[in-house]
Amino acid sequence: LQLSSERIRLGESLVASVDVQNVGPMAAEEIVQLYVRDLVGSVTRPIKELKGFQRVRLEPSERRTIQFTLHTDDLRFHNRDMEFVTEPGGFHLWIGGSSADGLSGSFEVVE
């Protein structure tokens with residue numbers, strides 16, 4: 001897993017990239033999923049929140065780099081005052097074939 005940056009400002013985006021390879025003898029499809037966890041939200045947040053997915057068809061032995069662009073607006077939620085906000089702080093990110101597995105990384109949103 002590669003992140004374009006480990007720190008982004010409010011209003012910016014980061015790009016998360018992962019290589020996916022078909023190691024089997026037949027063509028196959030995979031749904032690559034992106035999950036995020038807000039570590040310091042002012043309200044309780046989901047442990048893993050789906051933020052994107054891509055369906056990828058791979059021929060035998062084919063390897064492809066999959067990229068997700070994550071903008072700070074994608075991290076917004078309703079706070080205690082019911083305002084739709086992105087709060088600065090730390091986040092974990094996972095990319096994999098399901099919410100149970102995948103490669104992980106961390107990034108921070110700053111003002």
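Treat the numbers as computed from the prediction; the structure is a model and nothing was measured.
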- What distance do Asn79 atom CG and Glu87 atom CD have between them, rounded to the nearest 0.5 Å? 6.0 Å

- Look up atom CZ in Phe77 and atom CE in Met82, then write down how far apart they are to the nearest 0.5 Å. 11.5 Å

- Query: Can you tell me if CZ on Arg9 sees more than 12 non-hydrogen neighbours from other groups inside 6.0 Å?
  - Reply: no

- Task: Might you work through the side-chain contact (heavy atoms from CB on, under 4.5 Å) test for Phe68 and Val15, ending with a clear yes or no?
- Result: CA-CA 6 Å; Phe68 291 95; Val15 176; over 6 Å; no

- Would you indicate whether the side-chain heavy atoms of Ile66 and Val56 approach each other to under 4.5 Å? yes

- Task: Let me know which of Asp38, Leu10, Val85, Val109 forms a side chain to side chain contact (heavy atoms under 4.5 Å, CB included) with Leu75.
- Result: Val109

- Inspect the contact between Arg55 and Glu29 and indicate whether a charged nitrogen and a carboxylate oxygen are less than 4.0 angstrom apart. yes

- Item | Least distance between heavy atoms, Leu34 atom then Ile95 atom | CD1-CG1, 3.8 Å

- Heavy atoms of Arg80 and Ser42 approach each other most closely as NH2-O, 3.0 Å

- Query: Does CZ in Arg7 sit with more than 12 non-hydrogen atoms of other residues, nucleotides or ligands closer than 6.0 Å?
  - Reply: no

- Message: Test side-chain contact (heavy atoms from CB on, under 4.5 Å) on Thr86 and Asp74; report intermediate values, then the result.
- Response: CA-CA 8 Å; Thr86 301; Asp74 298 325; over 6 Å; no

- Message: Could you tell me if the side chain of Thr69 sits less than 4.5 Å from the side chain of Ser13, heavy atoms only?
- Response: yes

- Task: Determine the minimum heavy-atom distance between Gln33 and Gly97, stating which atoms define it.
- Result: NE2-O, 2.9 Å

- Message: Could you report the tightest heavy-atom contact between Ser106 and His92, atom names first, then the distance?
- Response: OG-ND1, 3.1 Å

- Task: Might you point out which heavy atoms bring Val36 and Trp94 nearest each other, and give the distance in Å?
- Result: C-CZ3, 4.2 Å

- Atom pair CD/OG of Glu30 and Ser98 - distance to nearest 0.5 Å: 8.5 Å

- Item | Pairwise side-chain contact, Val32 with Phe53, heavy-atom cut-off 4.5 Å (strictly under) | no

- Please indicate whether Glu12 has more than 12 foreign heavy atoms, meaning atoms of other residues, nucleotides or ligands, lying under 6.0 Å from its CD. yes

- Query: Which pair of non-hydrogen atoms, one from Ala27 and one from Arg57, has the smallest distance, and what is that distance?
  - Reply: CB-NH2, 3.4 Å

- Task: Show your reasoning for whether side-chain contact (heavy atoms from CB on, under 4.5 Å) applies to Leu1 and Leu93.
- Result: CA-CA 10 Å; Leu1 173 68; Leu93 177 144; 3.8 Å; yes

- Task: Measure the CD-CZ distance between Glu6 and Phe91 for me, rounded to the nearest 0.5 Å.
- Result: 15.0 Å

- Would Arg64 and Leu58 satisfy side-chain contact (heavy atoms from CB on, under 4.5 Å), going step by step from the backbone distance to the final call? CA-CA 8 Å; Arg64 192 175 310 165; Leu58 299 168; 3.9 Å; yes

- Measuring from His71:NE2 to Leu14:CG, what's the distance to the nearest 0.5 Å? 10.5 Å

- Query: Any sub-3.5 Å donor-acceptor pair from Thr72's side-chain atoms to Gly11's backbone N or O?
  - Reply: yes

- Task: Give, for atom CD of Gln67 and atom CD of Gln2, the distance between the pair rounded to the nearest 0.5 Å.
- Result: 9.5 Å

- Query: Is Glu62 reaching over with its side chain to a backbone N or O of Val20, donor-acceptor style, under 3.5 angstrom?
  - Reply: no

- Task: For Tyr35, enumerate each residue passing the ring pair (Phe, Tyr, Trp, His ring centres under 6.0 Å) test, keeping only those at least two apart in sequence or located in another chain.
- Result: none

